[in-house]
Amino acid sequence: MKQFEPKIIAFVCNWCTYAGADLAGTSRLKYAPNVRIVRFPCTGRIDYQLILKAFENGADGIIVSGCHPNDCHYTSGNFYARRRWIVFKSLIDFMGFDNRRMYFSWISAAEGAKFASFINEVTDSIRKLGPYTDYSNLRKIGVGSIGEEL
Amino acid sequence: MTVLARVSELLDSQQINLFIGYTQKGSICPLFLKESDQVDKLIFNEDCLQNLVPYLNKHEVQSFGKIGIFCTFSALRSLLQLKSEKRFSNLSIIPFLVISDDEFVEFGSYEEIESYIEKNFKKGDDNVQEMIDKINLMSTEEKWEFWTNELTGCIKCYACRSACPMCYCDKCSVEINNPQWVPTASHSQGNLEWHVMRAMHLAGRCVNCNECFRACPMDIPLNLLTSKINADMEVAFGQIPGTKLKLDYAMSCYKFDDKDNFIR
Amino acid sequence: MKKIKKSNFEKMVNSLLQSGSTIIAPVLKKGKHYFSRIESFDKISLDYCQTVLSPKAVYFPSTDSLMRYENEHNNVKIIEVEVPKNPVIVLGVKPCDAYALSYLSEFFLKENSDTYIQVRKENTTIVGFTCTHSDDKCFCTSLNINPFDTKGTDIHFTDIGEEYYVESITEKGNEIIKNFNTMFEDSQTIDKKEYSSNPPIKFDLEKIRLTDKFESSVWLDQSLLCLGCGACAYSCPTCSCFDIQDESNPYSGERLRCWDSCGFGLFTLHASGHNPRHDQSNRWRNRVFHKFEYSVKNLGIISCVGCGRCIRVCPGGMNISEHLAELATI
């Protein structure tokens with residue numbers, strides 16, 4: 001049987017993690033091809049709803065990554081982002097989302113090796129977890145359709 | 001002087017043009033007074049739970065300009081939070097906190113509200129905290145089942161949004177429809193997305209008045225979501241919404257040592 | 001006229017369940033009643049005043065799939081949605097709700113017949129029950145609906161103690177009696193009024209003249225309490241407004257019909273940004289006018305049945321029966 005290959009969406013900031021991914025490429029580091037990178041100007045722009053949208057459209061895992069604290073190109077974007085994630089994580093843990101599928105990291109432009117090993121590590125652990133359908137399957141349950149609650 | 005006499009005095013002397021209070025008509029409901037002749041219909045007792053402050057967000061109500069209003073303790077907090085968010089700049093509002101017929105507090109300024117709240121601060125509802133503790137002890141799967149079961153019942157009537165004092169946006173995120181960003185369809189996934197979004201937009205702003213739960217026709221305990229993240233935020237950032245006149249919004253500031261042990 | 005013993009009624013329901021019919025009936029959940037699909041007879045709770053939501057979703061679900069499409073390399077394939085054709089029986093429908101369902105089918109089927117609702121109506125049997133519990137929010141009698149009326153039902157039951165008094169109204173009702181003819185006995189005609197609730201009349205319908213009150217200030221006064229949510233419209237058994245939503249991604253999509261409410265500001269917002277119903281008072285006026293003026297003009301029926309659901313669910317304490325009583329005096 002063919003091995004399950006997870007789809008992983010990485011929301012990354014333009015200045016650090018994206019450049020880190022670039023460095024991994026130019027350094028010819030090999031990493032898992034399961035990740036699709038979406039580039040943002042700053043982690044401060046990464047809306048929590050994008051994470052939900054990714055899960056809705058079939059992502060099995062999510063990576064959110066940006067500059068280390070104090071390294072933000074816009075001085076403080078990643079500090080605001082960090083607060084948002086703290087709150088978001090507390091909410092989705094409370095609601096029972098599978099939080100093992102969400103990874104947050106700081107990866108700088110110099111950390112090509114960290115990027116490659118991080119992607120490999122995340123891909124491995126998500127591959128072990130299997131496909132994530134809890135959230136995307138919810139769409140099929142409607143209120144008021146015959147047979148459901150009215 | 002009784003509170004009713006004071007309200008009719010204010011109305012008669014046109015220091016206020018509208019008074020928002022409670023009355024008993026079968027059940028307890030809000031009463032809007034423009035003249036003092038019906039002031040004896042006003043009541044206040046421990047069953048008067050509805051937060052009346054959301055009415056102040058309606059432009060029809062705002063057009064009265066000078067408004068008196070009955071406030072519960074959490075309604076006072078919502079008023080203060082709204083003021084800190086630069087609302088009501090064109091309104092003069094006289095809030096009343098009624099303890100009994102003869103015993104009431106009339107607030108002349110927002111500073112008075114701030115110091116009253118500081119002196120008399122009480123934590124939210126014990127039942128809510130109990131429920132949150134119960135859910136915290138559940139496993140991830142149990143939590144997921146609990147919330148999907150509850151939220152499947154949501155019919156997207158947006159009563160939670162309408163009854164919430166903090167939901168005053170002219171254009172709500174769910175009304176961004178070009179393209180439609182949050183689904184308006186009431187399938188479970190759309191419901192979940194809407195309630196995650198609502199809870200996140202109220203993070204650090206919710207004053208635990210529990211209006212969303214009271215308003216929900218399907219009895220979904222939405223107040224648990226906002227109360228839970230607010231409790232966590234209080235621990236993490238030390239900020240409590242609706243207690244400061246100067247804007248103290250946890251999501252619009254940061255500390256260098258915010259907890260980041262979950263970030264790799 | 002027929003009657004059936006309660007024990008036989010239980011047997012009948014169980015046998016209908018076994019034969020594969022979907023049965024929807026009032027069910028008690030967290031202290032309130034909801035219409036819900038049942039798996040066994042003991043889930044049914046007929047001892048209710050009013051359910052939170054109306055049974056209108058049997059015809060008109062809150063989210064209804066109209067069509068789907070799939071797109072593979074620019075090959076677009078349209079997939080028609082099949083409405084399930086298995087028989088559905090709605091048990092325990094009160095006269096107000098049955099009346100409302102007959103209005104809904106009139107609304108959706110009169111001129112341009114709506115296929116989805118047509119199919120559902122054809123496969124649905126409405127089993128009406130004489131109302132036995134009413135509260136201070138009920139006002140069906142004020143709208144000339146009796147709590148034992150049979151309009152809109154296929155077969156109508158009245159609880160007379162140990163037995164149900166049964167009237168068959170349509171062909172579908174006759175079918176049920178035919179299929180279970182050993183259980184039904186002949187009965188004399190009874191006065192159902194003795195067994196029904198009797199909500200008091202709250203206003204004189206004849207005195208409500210809306211035509212000249214369009215510009216009245218009464219709408220603003222009444223709507224001050226309204227917070228602008230859709231709870232009234234979504235719980236209303238006759239509110240039929242909907243919004244078409246396309247939910248899609250580049251590979252597939254679905255067209256959905258979702259409930260909508262004239263109480264929302266977005267309902268009439270033009271693309272230009274202009275909103276003809278700019279205030280909540282305009283929206284409230286539209287709600288009353290639709291129910292008591294427009295639907296009378298268009299279909300000849302008042303589209304309010306006095307079930308009182310909107311009063312029970314309103315977070316702002318709007319009370320349509322009091323407001324109508326006020327309108328009757330001016």
Side-chain angles (χ1 to χ4, degrees), chain B residues 18 20 22-23 25-34 50-52 54-55 57-61 63-64 150 153-164 167 170-172 174-180 183-191 211-221, chain C residues 29-32 34 52-53 57 61-65 135-137 219-235 243-248 254 256-261 263-266 269 271 278-282 309-319 321-322:
Chain B
L18 180 72
I20 311 177
Y22 303 94
T23 192
K25 283 194 290 184
S27 49
I28 288 167
C29 63
L31 179 70
F32 289 74
L33 281 179
K34 287 179 241 173
Q50 186 182 350
N51 184 348
L52 300 174
Y55 286 113
N57 288 322
K58 284 180 71 175
H59 68 257
E60 293 97 320
V61 174
S63 65
F64 284 92
E150 288 285 353
C154 173
I155 49 172
K156 290 271 177 84
C157 67
Y158 304 125
C160 44
R161 178 184 72 183
S162 302
C164 176
C167 276
D170 285 337
K171 190 162 189 172
C172 174
V174 79
E175 287 167 357
I176 293 170
N177 54 3
N178 194 18
Q180 188 72 38
T184 60
S186 60
H187 47 65
S188 290
Q189 186 235 306
N191 293 346
E211 270 298 285
C212 43
F213 177 45
R214 203 192 58 77
C216 181
M218 304 303 279
D219 292 340
I220 304 170
Chain C
K29 220 167 58 182
K30 286 197 275 183
K32 287 184 182 175
Y34 296 85
V52 177
L53 298 185
S62 69
T63 301
D64 195 4
S65 179
D135 67 4
D136 57 337
K137 279 140 191 135
W219 307 113
L220 176 63
D221 291 345
Q222 292 184 346
S223 70
L224 279 174
L225 273 80
C226 177
L227 288 158
C229 73
C232 47
Y234 287 7
S235 63
D243 179 29
I244 302 287
Q245 287 280 335
D246 284 344
E247 290 188 358
S248 56
E254 190 166 19
L256 299 169
R257 167 161 63 189
C258 311
W259 287 351
D260 203 352
S261 163
F264 294 144
L266 204 69
L269 184 66
H278 175 252
D279 296 341
Q280 204 58 42
S281 59
N282 305 149
R309 283 193 180 87
C310 51
I311 309 172
R312 290 183 192 92
V313 297
C314 181
M318 291 281 277
N319 187 324
S321 74
E322 277 171 19

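To find a chain, count down the sequence lines: A is the first, B the second, and so on, and within it residues start at 1.
Between the side chains of Q280(C) and H59(B), no donor-acceptor pair is found at a separation under 3.5 Å.
Chain C forms more heavy-atom pairs under 4.5 Å with one residue of A163(B), C29(B), S162(B) than with any other, namely S162(B). Between chain B and the residues R309(C), K30(C), K137(C), Q245(C), the most heavy-atom pairs under 4.5 angstrom are made by Q245(C). Contact count against chain B (heavy-atom pairs under 4.5 Å) is highest for L225(C) among V52(C), D136(C), L225(C). Highest contact tally toward chain C, considering only C160(B), A215(B), P30(B), is held by P30(B) [criterion: heavy-atom pairs under 4.5 Å]. Your options are A231(C), S223(C), A233(C), C258(C), and the one with the most heavy-atom pairs under 4.5 Å with chain B is A231(C). The candidate from C172(B), P179(B), A185(B) with the greatest count of non-hydrogen atom pairs under 4.5 Å with chain C is A185(B).
Contact annotation: the side chain of S62(C) approaches that of S186(B) to within less than 4.5 Å [non-hydrogen atoms, C-beta and beyond]. In this structure the side chain of E247(C) reaches within 4.5 angstrom of the side chain of P183(B), judged on heavy atoms. For the pair Y34(C)/M218(B), a side-chain contact is recorded, criterion being any heavy-atom separation below 4.5 Å from C-beta on. L220(C) has its side chain within reach of E60(B): a pair of non-hydrogen atoms, C-beta onward, lies under 4.5 Å apart. Side-chain contact between L227(C) and P54(B) is present, with at least one heavy-atom pair separated by less than 4.5 Å. Between L266(C) and N177(B), some side-chain heavy-atom pair lies under the 4.5 Å cut-off. Inter-residue side-chain proximity for K58(B) and D279(C) is flagged as unmet; no heavy-atom pair is nearer than 4.5 Å.
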For L224(C) and Y55(B): C-alpha separation, side-chain torsions, deciding distance, then whether side-chain contact (heavy atoms from CB on, under 4.5 Å) applies.
CA-CA 8 Å; L224(C) 279 174; Y55(B) 286 113; over 6 Å; no
Using the rule given for side-chain contact (heavy atoms from CB on, under 4.5 Å), can you reason through L256(C) versus H187(B), listing the C-alpha separation, both sets of side-chain angles and the distance that settles it, and then say yes or no?
CA-CA 10 Å; L256(C) 299 169; H187(B) 47 65; 4.2 Å; yes
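With values rounded to the nearest 0.5 angstrom, S27(B) atom OG is found 9.0 Å from I311(C) atom CD1. A distance of 6.5 Å separates CZ in F264(C) from SG in C157(B), rounded to the nearest 0.5 Å.
Proximity to chain C is limited to the side chain of Q180(B), based on heavy atoms less than 4.5 angstrom apart. In this structure, chain B has a heavy atom under 4.5 Å from the side chain of D243(C), while its backbone stays farther away. Of the two parts of Y158(B), the backbone and the side chain both hold a non-hydrogen atom closer than 4.5 Å to a non-hydrogen atom of chain C.
With respect to the salt-bridge test (charged N to carboxylate O, under 4.0 angstrom), the residues D221(C) and K34(B) qualify.
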